[in-house]
Amino acid sequence: MSDKLKVGILGGTGMVGQRFISLLENHPWFEVTTIAASPRSAGKTYEEAIGERWKMTTPMPEAVKNIVVMNVNEVEKVASEVDFVFSAVDMTKDEIKKIEEEYAKTETPVVSNNSAHRWTPDVPMLIPEINPEHVEVIEAQKKRLGTTRGFVAVKPNCSIQSYAPVLTAWAEFEPVEVVATTYQAISGAGKTFKDWPEMIENIIPYIGGEEEKSEKEPLRIWGKVENGEIVPAASPVITCQCIRVPVLNGHTAAVFVKFNKKPTKEQLIAKIREYSGVPQQLELPSAPKQFIQYLEEDNRPQVKLDVDFEKGMGISVGRIREDSVYDFKFVGLSHNTVRGAAGGAVLCAELLKAQGYITKK
């Protein structure tokens with residue numbers, strides 16, 4: 001019998017579900033034993049349910065091909081097979097909230113890629129290098145749900161990963177105003193160019209709901225736990241535009257920052273290069289050794305050259321320079337389906353295991 005924790009993937013047939021499955025192949029702590037999806041996929045082997053829709057560049061892991069897909073709505077049945085689940089279900093926000101809490105109430109921890117619970121006051125929204133202390137709010141959530149080990153934890157929106165960690169590294173200089181434009185890959189919409197030929201040689205200057213998330217979610221990550229809930233920070237003020245661009249993987253951000261305490265360029269570079277957090281201290285399996293890298297070349301970061309830095313779990317920054325209106329500007333890049341989605345959630349689960357919140361049933 002394996003010592004690894006038994007993992008279920010809710011919504012395992014979609015693009016993020018597939019990314020979870022590919023990232024968890026040979027994971028030292030976790031083993032995918034259960035895959036659940038919509039009733040139309042239930043009863044088929046995973047290989048049959050996916051058919052021609054495998055979207056990863058690496059082959060489907062042999063270990064999952066013959067797993068029989070379960071119906072995600074049969075909560076008790078799915079939960080009885082696993083120690084915890086990752087959630088990447090494709091449902092309405094209200095349906096996601098309901099089903100994730102139903103799983104939690106079976107005493108099954110849920111680590112979610114979805115946005116539904118990001119503003120539930122007692123649900124931690126984690127970038128493990130930035131706000132690991134937010135896990136303490138889980139105790140208040142368990143009281144509300146009436147559970148002893150079941151809870152929901154979430155990761156934030158993929159678009160903020162390319163600039164929120166950078167601003168965190170610069171916290172001592174007190175950023176007060178931020179203007180960000182994100183250039184977001186099509187995999188963020190669960191698409192490839194084969195699925196979405198209209199995106200070839202095209203830009204769409206609108207992504208529904210994305211700008212509000214990009215402006216507000218960093219403030220929740222920088223917030224404080226008070227009386228069993230997370231109270232968002234009040235600053236900096238962030239304004240954002242989000243644009244879909246013809247790139248498969250990798251969200252780029254062009255960012256302008258005004259500080260209360262104006263630093264030098266050298267100080268800014270030093271801060272991001274030396275920034276690390278609890279995942280690095282604990283040497284979690286998915287943690288990048290170097291969380292943020294700074295690239296000196298004027299033409300970096302580039303998606304083709306830099307998106308896979310630290311296996312897609314690191315952030316790349318370049319072009320830090322003084323600005324004529326704001327204090328400084330920079331360009332950031334993150335992998336939206338690794339650090340920004342499934343990989344970020346796997347790192348959250350590793351943190352939760354290391355801190356005793358996820359255990360064997």
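Counting begins at 1 with the first residue of the sequence.
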Could you state the interatomic distance from CG (L284) to SG (C348), rounded to the nearest 0.5 Å? 10.5 Å
V179 and V255, any side-chain heavy atoms less than 4.5 Å apart: no
Evaluate the side-chain contact (heavy atoms from CB on, under 4.5 Å) criterion for residues R339 and I127: first the C-alpha distance (whole Å), next the side-chain angles of each, then the deciding distance (0.1 Å), finally the verdict. CA-CA 9 Å; R339 168 57 77 163; I127 296 179; 4.0 Å; yes
In the structure I gave you, are the side-chain heavy atoms of H251 and Y183 within less than 4.5 Å of one another anywhere? no
Flag the pair E102 and K98 as a salt bridge only when some basic side-chain nitrogen lies within less than 4.0 angstrom of an acidic carboxylate oxygen. yes
Going through the distances and angles, do T337 and R19 end up as a side-chain hydrogen bond (donor to acceptor under 3.5 Å, both in side chains)? CA-CA 7 Å; T337 67; R19 179 68 76 181; 3.0 Å; yes
Go through the steps for S159 and N157 under the test side-chain hydrogen bond (donor to acceptor under 3.5 Å, both in side chains), then give the verdict. CA-CA 6 Å; S159 65; N157 196 42; 2.7 Å; yes
Rounding to 0.5 Å, atoms CG (L23) and OG (S286) come to a distance of 7.0 Å
Counting C-beta onward and ignoring hydrogens, is there a side-chain heavy-atom pair between P165 and F291 closer than 4.5 Å? yes
Do you reckon L5 sits in the same ILVMFWY cluster as V110, going by side-chain contacts under 4.5 Å, direct or chained? no
Looking at E100 and V152, would you say the former's side chain and the latter's main chain have a donor-acceptor pair under 3.5 Å? no
With side chains defined as the heavy atoms from C-beta onward, is the minimum distance between K265 and L268 less than 4.5 Å? no
Mind checking the CZ-CD1 spacing from R53 to I50? Nearest 0.5 Å is all I need. 5.0 Å
D195 side chain vs K191 backbone, donor-acceptor pair below 3.5 Å: no
Side chain D83, main chain K361, donor-acceptor under 3.5 Å: yes
Within a strict 4.5 Å, meaning less than it, do heavy atoms of the V123 and V137 side chains meet? no
Looking at K271 and E274, is there a salt bridge between them, counting it only when a charged N and a carboxylate O are closer than 4.0 Å? yes
Using only atom types and a distance under 3.5 Å, with no angle test, would you say the side chain of H134 pairs donor to acceptor with the backbone of G223? yes
Face-on cation placement of K329 at F256 ring, 6.0 Å and 45° thresholds: no
Would you say T108's side chain and A104's backbone share a donor-acceptor pair under 3.5 angstrom? no
Hey, any chance V82 and F151 share a hydrophobic cluster, counting ILVMFWY side chains that come within less than 4.5 Å of each other, even indirectly? no
Run the numbers on S187 and N336 for side-chain hydrogen bond (donor to acceptor under 3.5 Å, both in side chains), then give the verdict. CA-CA 8 Å; S187 58; N336 56 295; 2.9 Å; yes
I320 side chain reached by I272 side chain, heavy atoms, under 4.5 Å: yes
Just checking E76: does its CD atom have more than 12 heavy atoms from other residues, nucleotides or ligands closer to it than 6.0 angstrom? no
May I have the step-by-step check of side-chain contact (heavy atoms from CB on, under 4.5 Å) for I99 and V75, ending in yes or no? CA-CA 8 Å; I99 200 166; V75 175; 4.1 Å; yes
Given I9 and I21, is the side-chain contact (heavy atoms from CB on, under 4.5 Å) satisfied, shown in steps? CA-CA 8 Å; I9 312 290; I21 283 164; 4.1 Å; yes
Tell me if a side-chain donor or acceptor on E107 pairs with a main-chain N or O of R149 at a distance below 3.5 Å. yes
Worked verdict on E129 versus Q280 for side-chain hydrogen bond (donor to acceptor under 3.5 Å, both in side chains): CA-CA 8 Å; E129 286 88 351; Q280 286 71 37; 3.1 Å; yes
Begin from the C-alpha positions of E101 and R144 and carry the test salt bridge (charged side-chain N to carboxylate O under 4.0 Å, His left out) through to its verdict. CA-CA 11 Å; E101 288 200 352; R144 174 174 64 85; 3.1 Å; yes
Shortest non-hydrogen separation from A189 to W196 and the atoms involved: CB-CZ3, 3.9 Å
If the test is salt bridge (Lys or Arg N to Asp or Glu O under 4.0 Å), which one of R321, R273, R319 qualifies with E296? R273
Verify, without hydrogens or angle tests, whether K55 (side chain) and M15 (backbone) share a donor-acceptor contact under 3.5 angstrom. no
Is the closest side-chain heavy-atom distance between L126 and K155 below 4.5 Å? no
If the threshold is 4.0 Å, N to carboxylate O, is there a salt bridge linking K261 and E174? yes
Determine whether V225 and I221 fall in the same hydrophobic cluster, where Ile, Leu, Val, Met, Phe, Trp and Tyr are linked whenever their side-chain heavy atoms lie under 4.5 Å apart. no
Under 3.5 Å donor-acceptor, N131 side chain and E133 backbone: no
Donor-acceptor check, side chain of Q290 to backbone of I292, threshold 3.5 angstrom: yes or no? yes
K262 atom NZ, neighbour heavy-atom count above 12 within 6.0 Å: yes
Considering the options Y357, Y103, F30, W29, which one meets the ring pair (Phe, Tyr, Trp, His ring centres under 6.0 Å) requirement together with F84? F30
Step by step, would you call E217 with R220 a salt bridge (charged side-chain N to carboxylate O under 4.0 Å, His left out)? CA-CA 5 Å; E217 287 187 15; R220 189 166 195 259; over 6 Å; no
Answer whether the closest heavy-atom distance between the side chains of M60 and Y46 falls below 4.5 Å. yes
Within a reach of under 6.0 Å around NZ of K216, are more than 12 heavy atoms found that belong to other residues, nucleotides or ligands? no
Look at the side-chain heavy atoms of Ile, Leu, Val, Met, Phe, Trp and Tyr, link any pair under 4.5 Å apart, and say whether M313 and L352 land in one connected group. yes
Less than 4.0 Å between a side-chain N and a carboxylate O, is that true for K353 and E350? no
Mind checking the OG1-CD spacing from T13 to Q18? Nearest 0.5 Å is all I need. 7.5 Å
N71 side chain vs N73 backbone, donor-acceptor pair below 3.5 Å: yes
Between CD on residue E211 and OG1 on residue T182, distance to nearest 0.5 Å: 7.5 Å
Start with the C-alpha gap between F330 and V166, add the side-chain angles, then the distance that decides, and say whether side-chain contact (heavy atoms from CB on, under 4.5 Å) holds. CA-CA 10 Å; F330 70 92; V166 182; 3.8 Å; yes
Is there a chain of hydrophobic side chains (I, L, V, M, F, W, Y, each step under 4.5 Å between heavy atoms) that links V317 to F309? no
Value for CG (N114) from NZ (K93), rounded to nearest 0.5 Å, stands at 9.5 Å
Are there over 12 heavy-atom neighbours, none belonging to N299, within less than 6.0 Å of that residue's CG? yes
